[in-house]
Amino acid sequence: MNKNVAQHKIQYTKFPVKINKSLYLLLVFQFITIFSLKAQLNISVYINKARQEIMDNKNQKAIERLNTVIKVKPNLYDAYFYRGIAKFGMGDYIGAIKDFSETIKINPFLPVAYQYRGISKDALHNYNSSLNDLDIAINMDINNSQLYMARGLTKIHTQNFSAAIEDFDKSIKLQPKNEDCYIYRAVAKAGLKNYESAIKDCNMAIGLNQFKTRAFVRRGLIFYEQKQYKKAIKNYNLALKINPKDAYAYYVRALAKYKLDDLNGTLADYSKVIELNKYNALAYYNRAMLFSQSGSLNKAVADLKQVSQINPEHILTHYNRGQIQTELNNYHEAIADFSKAIEIYPEFGEAYYMRAMAKRKIGDIRSAKTDYDIATKKLNTQNTDSSNIAINTIKYRRLIELEANFNNNFIGDDKIYSVFSGIDPLPDFFVSLNQNKKAYNKTNYMGINDIINEIPKPLTPNIAMFDTISDNNLLIATVDSIWGNLKKNEIYWFLIGTIELRNKNFNLSLNAFSKAINENNDFALAYYNRAYCNLKMIDFINSIDQEIQITVAGQKKPFVAKTEMTNDYTKILEDYNKALGLKPDYAIIYYNRANLKVRAKSYTSALYDYNRAIQLEPEFAEAFYNKALIHIHLKEFKLACSALSKAGELGLKQAYVVIKRYCGK
């Protein structure tokens, strides 16, 4: 068989030339004097605090503060600009572009706004539009060295190295001591294979700043491109002496050591990358390939498992793990991996072939024959096609590329959420109960305003996504003491149902909510909480296993029986529908019903409900977030990233994790 896909080999990554965010975030405050804050003093204080938070890498706090300013002064371009800077720092380039565009709409004569919008577009690979913005900025401010440097970087990304060098020359003429510009010009010169001059530029950068780790790393990369691996390693060592926690320096040093057949050194460097950044899929993958080559097959499988959790659609991970599982005689696991590779990329002839071989090993001859025939047909098509389309499509390249995140595990000032846990929708809300606490005082989307005055003090209703610790016995005693000998009406039963729900006494809770509805069949929140309770009971039933005793050879032995999954949502949907019929302006009910529809895989209908919730409550962050996840599932990434940007702007920190994974590419 013709093997067109490289297996059991180290995967390389392009040596990236990325925007130095910290550099730009520092430089932006050089332009402060062009802003005019004629608003009230408190607005000035808010703006200045937000600027400081951006400088301190507390971007989420800055966004929240600037949201407040924008509500008070919606035409203050400074607030949009700084919020755009904060979003840029969080990796939310779509949201940043939106804010910079609003800045330009209010004040079209601000070169720094065009500059940052151009840089943000560059980060999204929208290079032509980026260059257009940077051209406008330069025409407004022809003596700004940073603008030429930014445009030069974008020209590098378009492989226009000669034009990039011209821009870097202009930038250096205006600011001769900018070491970053020398490094970028070295990249452009290396792109033209003018290595000697590129090395000189790296030397200039080091002469200006002998602690510039990126200059040593870049000089090492230039030596690597010339196959001078020992010189490359020497430069990486110098960089690591300055910064022993530079994950990228360890990674490129591993590549150079591999070229010199230093497998132990290579393995040690990949392990160091993983130690510094446990979400680096490329390091796990390459280490797995080394383990495979050295015969440590189980270790290779373990590393490839990590890769598949970080990049679930990386086709070579599933394919190579399938091959290793075959070597371990784990044929069923191998078949599962080859099947996943085929699911991701149906034209993958080699995966059909390997799955056929695994199926033969387990005696599934008929199915193996089918796979073999498909493999033969697909591989023959690839071999006779002079352009080898099946292998060289953009889609295929995307499926074999791995994300190589060499940054620290932080986004802004917040620790990154583990991508290994998957990305799940945010859960439902329910009406809860507290004592001597202020009721949730947000707009009507939370759906409790109508009953706040109905609930006697000291009890207060609240909305919760997760239950909080409370003395439920005290709450029941309080409710009973309030009612005493009075007739137990719908409010009483609603409160009892809510307390029992928190106790996870689902049957008692359902019974109480039903009694509340019997007392008042127009009680929307009773239907709402009853629906939530029914769903929680289903989840609880599905989560437990039953241990029973069986007799084997005259002896009783325990046997764990899996509970049959229960997924009948009919009654739950009926309750949500009834609640919405009574309260069609409660966004919270649309949100819960949308979550239910996601469970039922009714995605289009769920999107309608999330959108309706957002129409009713434009700041419903959770609805934006969950809506975005559906768009991701449907491969509608532009819509997803826009919704995630809004969710992040509204304070949902986990939105930036998903943005980082799906939107900054």
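Computed from a predicted structure; not experimentally measured.
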**OP:** Step by step, work out the side-chain contact (heavy atoms from CB on, under 4.5 Å) result for Y285 and N311.
**Re:** CA-CA 11 Å; Y285 181 87; N311 288 77; over 6 Å; no
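- When atom types are taken as modelled, the side chain of S642 and the backbone of K638 share no donor-acceptor pair closer than 3.5 angstrom.
- For the pair K278/Y284, a side-chain contact is recorded, criterion being any heavy-atom separation below 4.5 Å from C-beta on.
- Side-chain N or O atoms of N48 include one that pairs as donor or acceptor with a backbone N or O of S44 at under 3.5 Å.
- For N59 and N57, the side-chain atoms include at least one donor-acceptor pair closer than 3.5 Å.
- Closest approach of L644 and A655 over heavy atoms only: O-CB, 3.6 Å.
- A distance of 5.5 Å separates CE of M90 from CD1 of I63, quoted to the nearest 0.5 Å.
- Side-chain N or O atoms of D262 include one that pairs as donor or acceptor with a backbone N or O of G265 at under 3.5 Å.
- Shortest non-hydrogen contact noted between L260 and I233 is CD1-CD1, 3.6 Å.
- Rounding to the nearest 0.5 angstrom, the gap separating the CD1 atom in I199 from the NZ atom in K189 is 11.0 Å.
- Put simply, the side chain of S645 never gets that close to the backbone of C641: no donor and acceptor are under 3.5 Å apart.
- The main-chain N or O of G648 is found under 3.5 Å from a side-chain atom of Q60 such that the two form a donor-acceptor pair.
- Proximity of a side-chain donor or acceptor of S171 to a complementary backbone N or O of D167 within less than 3.5 Å is not detected.
- Put simply, the side chain of H318 never gets that close to the backbone of A336: no donor and acceptor are under 3.5 Å apart.
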**OP:** Determine, stepwise, if the pair F100 / F81 fulfils ring-ring contact (aromatic ring centres under 6.0 Å, His included).
**Re:** CA-CA 6 Å; F100 295 138; F81 176 78; 5.7 Å; yes
**OP:** Using the side-chain contact (heavy atoms from CB on, under 4.5 Å) rule, take Y114 and T103 through it: C-alpha gap first, then chi angles, then the decisive distance, then the call.
**Re:** CA-CA 9 Å; Y114 290 98; T103 305; over 6 Å; no
**OP:** Carefully, step by step, assess K305 and R321 under the rule side-chain contact (heavy atoms from CB on, under 4.5 Å).
**Re:** CA-CA 8 Å; K305 180 181 179 182; R321 189 169 63 183; 3.8 Å; yes
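- With contacts defined as side-chain heavy-atom distances shorter than 4.5 Å, the pair T213/L238 does not qualify.
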Original post:
So K646 and E649, salt bridge (charged side-chain N to carboxylate O under 4.0 Å, His left out) or not? Walk me through it.
Top reply: CA-CA 5 Å; K646 188 65 178 178; E649 178 185 307; 3.1 Å; yes
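- Ring geometry for H157 versus Y127: interplanar angle of 30 to 60°, hence tilted.
- Looking only at side-chain heavy atoms (C-beta outward), H631 and F637 stay at 4.5 Å or farther from each other.
- Separation of atoms OH (Y236) and NZ (K257) is listed at 12.0 Å; rounding is to 0.5 Å.
- With hydrogens and angles disregarded, no donor-acceptor distance shorter than 3.5 Å links the side chain of E102 to the backbone of K98.
- Nearest heavy-atom pair across V252 and A249 is CG2-O, 3.4 Å.
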**OP:** Kindly indicate, with the supporting measurements, whether the criterion side-chain contact (heavy atoms from CB on, under 4.5 Å) is fulfilled by D133 and Y116.
**Re:** CA-CA 9 Å; D133 274 347; Y116 269 87; over 6 Å; no
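- Between the side chain of T158 and the backbone N or O of K155 there is at least one donor-acceptor pair closer than 3.5 Å.
- The distance from the CG atom of N286 to the OG1 atom of T266 is 9.5 Å, given to the nearest 0.5 Å.
- D246 contributes atom CG, which lies 10.5 Å from atom CZ of R253 (distance to the nearest 0.5 angstrom).
- Between the side chains of R218 and N235, no donor-acceptor pair is found at a separation under 3.5 Å.
- A donor atom on one side chain and an acceptor atom on the other are found under 3.5 Å apart for Q52 and D56.
- Between Y229 and Y224, the distance separating the two ring centers is shorter than 6.0 angstrom.
- Remark: side-chain polar atoms of N626 are paired, donor with acceptor, to backbone N or O of L426 under 3.5 angstrom.
- Residues P244 and L276 share a closest heavy-atom pair of O-CD1, 4.4 Å.
- Residues Y251 and D269 form no side-chain contact, since every pair of their non-hydrogen atoms from C-beta on lies 4.5 Å or further apart.
- A heavy-atom distance below 4.5 Å is not found between the side chains of Y625 and E622.
- Here the closest heavy-atom approach between residue A205 and residue A215 is recorded as CB-CB, 4.0 Å.
- When R151, Q115, Q175 are each tested for a side-chain hydrogen bond (donor to acceptor under 3.5 Å, both in side chains) with Q146, only one passes: Q175.
- S292 has its side chain out of reach of N320: every pair of non-hydrogen atoms, C-beta onward, lies at least 4.5 Å apart.
- With a 4.5 Å cut-off on side-chain heavy atoms, V187 and F168 do not count as touching.
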**OP:** Walk me through it: do E179 and R214 pass the test salt bridge (charged side-chain N to carboxylate O under 4.0 Å, His left out)?
**Re:** CA-CA 10 Å; E179 65 262 22; R214 287 193 305 117; over 6 Å; no
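- Taking 4.5 Å as the limit, some side-chain heavy atom of D180 sits within range of a side-chain heavy atom of K212.
- Residues A137 and L147 come closest through the heavy atom pair O-CD1, 3.5 Å.
- Distance OG/S271 to CG/L267: 4.5 Å, rounded to 0.5 Å.
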